[in-house]
Amino acid sequence: MERFVERYIMSASNNERLIQTGILTVSDRCFKGQAVDKSGHNLQAMVPNLFKAEITATQCVPDDINKIQEVLLHWCDNMKLDLVLTTGGTGCTPRDVTPEATKVILEREAPGMATAMMIESLKITPLAMISRLICGIRGKTLILNLPGSTNGSKQCMAFVKSAIPHAVDQLNADTEKIDETHRFLRHASCKTYPKKKHEEMTVTVSDKPRQSPYPLISVAEAQAVVLKEADCLQTQILDFEEALGYVLAEEITSADNIPPFPASVKDGYAVLSSDGAGIRKVVGDVPAGFWPDDLIVNSGSCIRINTGAAVPSGADAVVQVEDTELLETSEDGQKELKITILKPPTVGQDIRPPGSDVKQGTVVLSSGSNLGPAELGLLATVGTTKVSVYCKPRIAVLSTGNELVRPDEFLQPGCIRDSNKTSLKSLLQHRGFTVVDAGIAIDNHEDLVKKFKKAFEVADVVVSSGGVSMGERDILKQVLENSFGAKIHFGRVFMKPGKPTTFATLQFKSKKKLVFGLPGNPVSAIVTCNLYVLPVLRKMMGFHRPLNTTIKVKLAHPVTLDLRPEYHCATLKWELENPVPSATSTGKLISSRLLSMTSANCLLILPPRTNSLEMLDKGQQVDAVIIDWI
Ligand SMILES: Nc1nc2c(c(=O)[nH]1)N[C@H]1C(S)=C(S)[C@@H](COP(=O)(O)OP(=O)(O)OC[C@H]3O[C@@H](n4cnc5c(N)ncnc54)[C@H](O)[C@@H]3O)O[C@H]1N2
Ligand code: MOO
Ligand SMILES: [Mg+2]
């Protein structure tokens with residue numbers, strides 16, 4: 001069996017059960033102490049490393065049918081072990097009787113495992129053919145005869161190890177686990193076989209120009225081009241609570257004064273300021289939410305009031321409770337009767353007049369506002385529960401490459417798992433966009449056309465990765481041009497990472513589609529998605545300033561410059577004493593190595609290396625594009 005298939009089956013059955021195992025050495029010489037039981041000891045050490053197993057019983061018996069059977073019966077019927085391995089007594093000498101002893105107690109044979117051992121052993125030595133080992137089942141115990149030699153038993157065990165956890169699951173009728181393993185394997189066999197073939201390719205090496213025909217443009221130029229092509233989408237009406245993250249497409253005015261009544265700013269007493277400091281009679285109290293219709297504050301009196309409650313008529317000031325003293329209460333102590341105002345109040349003190357927060361008729365949100373928590377709260381305050389917002393673009397993410405398998409698929413030789421789909425999808429979802437998975441396209445014209453067509457059916461913007469550089473299988477630009485009549489606006493940008501970043505527009509069923517052909521390297525894909533895709537999406541959904549926020553940062557250590565302007569991943573730290581945050585690189589930028597990007601929350605914009613400027617010193621200031629607030 002090919003090693004990778006074997007590994008796969010092992011991981012598919014992923015035994016959770018601790019397989020209770022007995023190891024029985026059958027040897028006259030070992031039994032008499034004339035030889036060391038190397039094979040038995042080796043199996044004891046080896047088996048728990050093959051799958052989750054516990055060596056529950058070990059024993060050494062002479063080559064004697066009765067003795068062998070006695071142990072096997074005890075281990076199967078009384079101890080109810082999952083697996084019994086015998087080593088020794090499987091050859092052709094007159095004393096070799098392990099298969100005979102085993103056969104008698106077996107209820108069912110399992111010849112496949114013995115055959116597997118035989119087939120594989122024959123590849124090592126023709127002498128394997130004289131081995132007579134048998135395998136089978138008694139009750140819920142799987143019994144395997146193994147050869148007596150250390151090497152032979154070790155090899156035979158290795159040949160059958162991948163099937164053992166699943167066999168034990170079956171013996172225990174663990175249907176859930178069995179089904180799970182079958183599903184896993186079925187999925188793997190239909191998704192991963194046959195191996196990918198290169199003959200699917202139609203492009204020949206000589207078709208491809210040896211120099212890229214696309215000029216190297218600057219990042220600023222590329223950003224200007226993509227933003228120019230991005231049009232603001234139409235509007236829709238949403239319930240205000242679903243509008244988080246959308247951009248408002250209308251002006252919102254307040255129909256009411258906020259607060260609608262003179263409201264107390266403090267917990268205290270509503271008073272007449274002209275009374276000054278001194279004694280007041282407490283004539284009532286106004287909690288928040290109560291309308292003090294029949295309460296009036298006259299000279300010499302006051303009313304207890306809560307923060308946010310309507311100030312009763314007559315009162316023109318509120319005195320906070322801290323600036324008063326209690327003079328007299330009712331007999332039961334429940335009611336305040338008299339207080340002293342300690343400081344003379346001023347007119348209007350601690351009262352919010354009607355409309356002081358928002359005047360009736362004022363514009364509280366202008367068109368183009370980004371609806372965040374405060375804005376949604378404002379909508380609630382003014383009672384606007386339906387709002388007109390710009391639609392968000394529909395996005396499809398497509399991975400391209402013959403070498404790609406899904407993360408849950410078996411990794412065939414020569415393949416890698418598709419990580420860009422996950423990174424790009426989650427980056428966009430994290431920014432509030434809905435993303436459709438357009439799958440993985442292999443690098444041929446037909447499949448790319450098929451997958452792009454599907455993506456264009458459902459999306460305004462397609463973000464693909466891979467297939468945009470100089471390889472003969474990098475045919476994304478040709479496919480877009482030849483099959484969709486796309487205009488390639490640019491195919492290379494002077495930057496690191498992300499040099500082959502490609503941007504195209506086309507008409508599909510009379511609708512404009514934008515295509516970002518991001519480079520396949522995982523770091524390049526994420527960096528370019530931040531720099532080009534996100535600004536475009538923001539513009540389409542109505543942002544007035546769609547580019548990423550850029551700030552000044554201080555380098556926490558020296559950095560070496562690259563020949564290309566570099567967007568270098570770094571982590572920002574804001575320290576109290578420093579007005580400018582410090583930036584620590586997440587490591588040498590290697591565009592294939594996602595580890596050089598983990599925990600980055602900004603991209604340092606580093607200038608290209610020149611003879612006079614090869615590195616930047618610690619403490620030097622550079623611009624940094626914010627990519628996450630963490
Ligand atoms: N002769 C030249 N070769 C290359 C150049 C060049 O200028 N001349 N540019 C290099 C640069 S820079 C980059 S970046 C890459 C970009 O390559 P492609 O966009 O054509 O992408 P692929 O060749 O398909 O893949 C490159 C690399 O990325 C891996 N990959 C692709 N997709 C995924 C995915 N979804 N998840 C994880 N990894 C992925 C792929 O296996 C390759 O290792 O070209 C250089 N070559
Ligand atoms: O520009 Mo490539 O994106 O270096 O890796
Ligand atoms: Mg390539």
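In each ligand, atom 1 is the first atom listed, and ligand 1 is the first ligand listed.
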Which ligand 1 atoms are under 4.0 Å away from a heavy-atom of [X]?
{"X": "Lys499", "result": "7 (O)"}
{"X": "Ser399", "result": "35 (N)"}
{"X": "Ile416", "result": "37 (C), 38 (N), 39 (C), 41 (O)"}
{"X": "Asp474", "result": "20 (O), 23 (O)"}
{"X": "Gly466", "result": "19 (O), 21 (O), 24 (O)"}
{"X": "Asp418", "result": "34 (C), 35 (N), 36 (N)"}

With heavy-atom distances below 4.0 Å as the criterion, list the atoms of ligand 2 near [X].
{"X": "Asn521", "answer": "5 (O)"}
{"X": "Ser524", "answer": "2 (Mo), 3 (O), 5 (O)"}
{"X": "Lys499", "answer": "1 (O), 3 (O)"}

Original post:
Could you go step by step and tell me if Ser585 and His557 meet the side-chain contact (heavy atoms from CB on, under 4.5 Å) rule?
Top reply: CA-CA 8 Å; Ser585 161; His557 47 73; 3.3 Å; yes
Heavy atom of [X] under 4.0 Å from ligand 1?
{"X": "Gly471", "result": "no"}
{"X": "Pro497", "result": "no"}
{"X": "Arg417", "result": "yes"}
{"X": "Ser592", "result": "no"}

Original post:
Just heavy atoms, cut-off under 4.0 Å: does Ile440 contact ligand 1 by side chain, backbone, both, or neither?
Top reply: neither
Subject >> Within the 6.0 Å centroid threshold, strictly below: Phe484 and Phe456 >> reply: yes
**OP:** Using modelled atom types only, decide if a donor and an acceptor are shared between the side chain of Ser596 and the backbone of Gly587 within a distance under 3.5 Å.
**Re:** no
Original post:
Looking only at atom types and distance, does a side-chain atom of Ser369 sit under 3.5 Å from a main-chain N or O of Leu365, one as donor and one as acceptor?
Top reply: no
**OP:** Using heavy-atom distances, let me know which of Thr501, Val527, Asn521, Thr528 sits nearest atom 27 (C) of ligand 1.
**Re:** Asn521
**OP:** Could you pull out, from Gly467, Pro519, Ser469, the option with a heavy atom nearest to atom 21 (O) of ligand 1?
**Re:** Gly467
Subject >> Within 6.0 Å of NZ in Lys487, more than 12 heavy atoms from elsewhere >> reply: no
Original post:
Is any N or O atom of Gly498, backbone or side chain, closer than 3.5 Å to an N or O atom of ligand 2?
Top reply: yes
Original post:
Any nitrogen or oxygen of Lys496, main chain or side chain, under 3.5 Å from a nitrogen or oxygen of ligand 2?
Top reply: no
Original post:
So, is the end of the Lys392 side chain (NZ or CZ) under 6.0 Å from the ring centre of Phe433 and within 45° of the ring's axis?
Top reply: yes
Original post:
Tell me: protein heavy atom nearest atom 4 (O) of ligand 2, and distance?
Top reply: Arg564 NH2, 3.4 Å
Subject >> Asp562/Arg609 salt bridge by N-O under 4.0 Å criterion >> reply: no
Original post:
Quick one: does Asn420 get an N or O within less than 3.5 Å of an N or O on ligand 1?
Top reply: yes
**OP:** Drop me the distance from Glu409's CD to Ile440's CD1, to the nearest 0.5 angstrom.
**Re:** 6.5 Å
